[in-house]
Amino acid sequence: MQDGVSYNPAGTTAQAVGRYRAVFSGRAAHAAAAPHQGVNAADGATIAQVAIGLLRQQIPGDHRVALFVSEAGVATNIIPERAVVDFECRAFTLPEYEALLARVRRCFEGAALASGTEVVIEATEPLYEPLVQDDALAGYWTAAMESFGRDTTSGGRLGGGSTDMGNVSQVIPSLHPWLSIPGAEVPIHSHGFTAVADTDAAYELMLEAARALAWTVVDAAGDPEQRARFEGAAYHRDIRRAG
């Protein structure tokens, strides 16, 4: 992560996220000779983007909606008969996520109604659930990182992001630590962050994190009470899967 995120993962989380594809279907026509005979699928995509942009004013500050148009025509002289919008919704709880998704879906449905098109929305990936950090594992990890001289008390908390580790953490005790790369003051998923992550300081931190994870496993396995708790959780997980 960026510089300033705490090395202590206790109490942190990550958002639920679902990713979808909305496909608008219209009717092709020649854009110069007979535009009135067409139904422009790209209009549906445009109206949906405007509606979602307006919706952002009325959603909580920790909710996220992101999208891009992956298809909206093939030639300038053809009214597009197909347009595709890939989008995602994020929130920190599943009920909030479901409520947000319902509102975003209505933006697409309203856009189809207004443009005279039809829209079909399908999931493109499995749902990522919110992340639950295990306090005991977080304690082992924090102690290990402190042994490397890392400050586990200062810095800000993670304010977003999603991971499929959230699904695992909903079933068994789990840990998903965060690493704050020193000097990384640029946004993640950017070219600048890529460059900062490819430095000696970043690789040193990565090796420390690998050792800290190994020590976390050793400490958890060496504690009879915690080991019994983890084994019990694994047993119940297997029962759920069998059912």
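Any value given below was found using the heavy atoms of this structure, including those in side chains, with hydrogens, waters and symmetry copies removed. Here the structure is a predicted model, which is why all the values come from computation and not from measurement.
- Taking 4.5 Å as the limit, every side-chain heavy atom of Thr153 sits out of range of all side-chain heavy atoms of Asn8.
- In this model, no donor atom of one side chain and acceptor atom of the other lie less than 3.5 Å apart for Ser169 and Asn167.
- Scanning all heavy atoms of the two residues, the minimum distance from Pro9 to Gln133 falls at O-CG, 3.5 Å.
- Leu127 has its side chain out of reach of Val17: every pair of non-hydrogen atoms, C-beta onward, lies at least 4.5 Å apart.
- One finds the CZ atom of Phe92 at 8.0 Å from the OG atom of Ser162 (value rounded to the nearest 0.5 Å).
- Heavy atoms only, all atoms of each residue included: Leu205 and Ile181 are closest at CD2-CA, 4.0 Å.
- The minimum heavy-atom distance between Thr117 and Ala111, with the atom names listed, is OG1-O, 4.4 Å.
- Annotation: side chain of Met1 is not in contact with side chain of Leu179 (no heavy-atom distance under 4.5 Å).
- Between Val69 and Gln49, the closest side-chain pair of non-hydrogen atoms falls below 4.5 Å.
- Side-chain N or O atoms of Arg27 include none that pairs as donor or acceptor with a backbone N or O of Asn40 at under 3.5 Å.
- The six-membered or imidazole ring of Phe108 lies near that of Phe87, with a centre-to-centre distance under 6.0 Å.
- Of the N and O atoms on the side chains of Thr152 and Glu146, at least one donor lies less than 3.5 Å from an acceptor on the other residue.
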Original post:
Can you list the steps and then say if Asp223 with Arg229 is a salt bridge (charged side-chain N to carboxylate O under 4.0 Å, His left out)?
Top reply: CA-CA 10 Å; Asp223 185 322; Arg229 182 169 68 92; over 6 Å; no
Original post:
Checking side chain to side chain contact (heavy atoms under 4.5 Å, CB included) for the pair Leu100/Glu98: CA distance, chi angles, key distance, verdict?
Top reply: CA-CA 5 Å; Leu100 175 62; Glu98 294 290 351; over 6 Å; no
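- Distance check: Glu208 CD to Tyr7 OH gives 8.0 Å after rounding to the nearest 0.5 Å.
- Taking all atoms of both residues into account, the shortest heavy-atom contact from Ala34 to Ala29 is O-CB, 3.4 Å.
- Atom CZ of Arg90 sits about 5.0 Å away from atom CZ of Arg19, to the nearest 0.5 Å.
- The two residues Arg82 and Ala41 have their closest heavy-atom pair at N-CB, 3.5 Å.
- Between the side chains of Glu96 and Thr93, at least one donor N or O sits under 3.5 Å from an acceptor N or O.
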Subject >> side chain to side chain contact (heavy atoms under 4.5 Å, CB included) evaluation trace for Ile121 with Arg21 >> reply: CA-CA 6 Å; Ile121 301 174; Arg21 176 163 294 157; over 6 Å; no
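- Looking at heavy atoms from C-beta onward, Asp198 lies in side-chain contact with Tyr203 at the 4.5 angstrom threshold.
- Under a 3.5 Å cut-off, the side chain of Ser174 and the backbone N or O of Ile172 do form a donor-acceptor pair.
- Counting all heavy atoms, side chain and backbone alike, Trp141 lies closest to Ala209 at CZ3-O, 3.5 Å.
- Looking at Glu129, its side chain never comes within 3.5 Å of a backbone N or O of Leu94 through a donor-acceptor pair.
- Note that the CD atom of Glu122 and the OH atom of Tyr20 stand 12.0 Å from one another [nearest 0.5 Å].
- The line from CZ of Phe148 to CZ of Arg211 is 5.5 Å long, rounded to the nearest 0.5 Å.
- Taken together through direct or relayed side-chain contacts under 4.5 Å among Ile, Leu, Val, Met, Phe, Trp and Tyr, Trp215 and Phe230 form part of one hydrophobic cluster.
- Between Glu88 and Glu125, the closest side-chain pair of non-hydrogen atoms is not below 4.5 Å.
- Val84 is not connected to Ile78 by any chain of hydrophobic side-chain contacts under 4.5 Å among Ile, Leu, Val, Met, Phe, Trp and Tyr, and they are in different clusters.
- Side-chain contact check for Thr12 and Trp178: at least one donor-acceptor pair (N or O, by modelled atom type) lies under 3.5 Å.
- Residues Leu55 and Arg103 are in side-chain contact: their nearest non-hydrogen atoms beyond the backbone lie under 4.5 Å apart.
- Side-chain contact, Asp86 with Ser70: a donor N or O sits under 3.5 Å from an acceptor N or O.
- No side-chain heavy atom of Val186 sits less than 4.5 Å from a side-chain heavy atom of Gln2.
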Subject >> Working for side chain to side chain contact (heavy atoms under 4.5 Å, CB included), residues Val39 and Ile79 >> reply: CA-CA 7 Å; Val39 177; Ile79 300 293; over 6 Å; no
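- Atoms CG and CG, from Leu137 and Asp219 in turn, are 10.0 Å apart once rounded to the nearest 0.5 Å.
- Side-chain atoms of Asp3 come within 3.5 Å of backbone atoms of Gly183 as a donor-acceptor pair (strictly under, hydrogens ignored).
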**OP:** Give the C-alpha distance, both sets of side-chain angles, the deciding distance and a yes or no for salt bridge (charged side-chain N to carboxylate O under 4.0 Å, His left out) between Glu225 and Arg227.
**Re:** CA-CA 5 Å; Glu225 181 179 346; Arg227 187 173 65 220; over 6 Å; no
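- Connection of Val85 to Ile47 is not established within any shared hydrophobic cluster, with ILVMFWY side chains joined at heavy-atom distances below 4.5 Å, either directly or through further cluster members.
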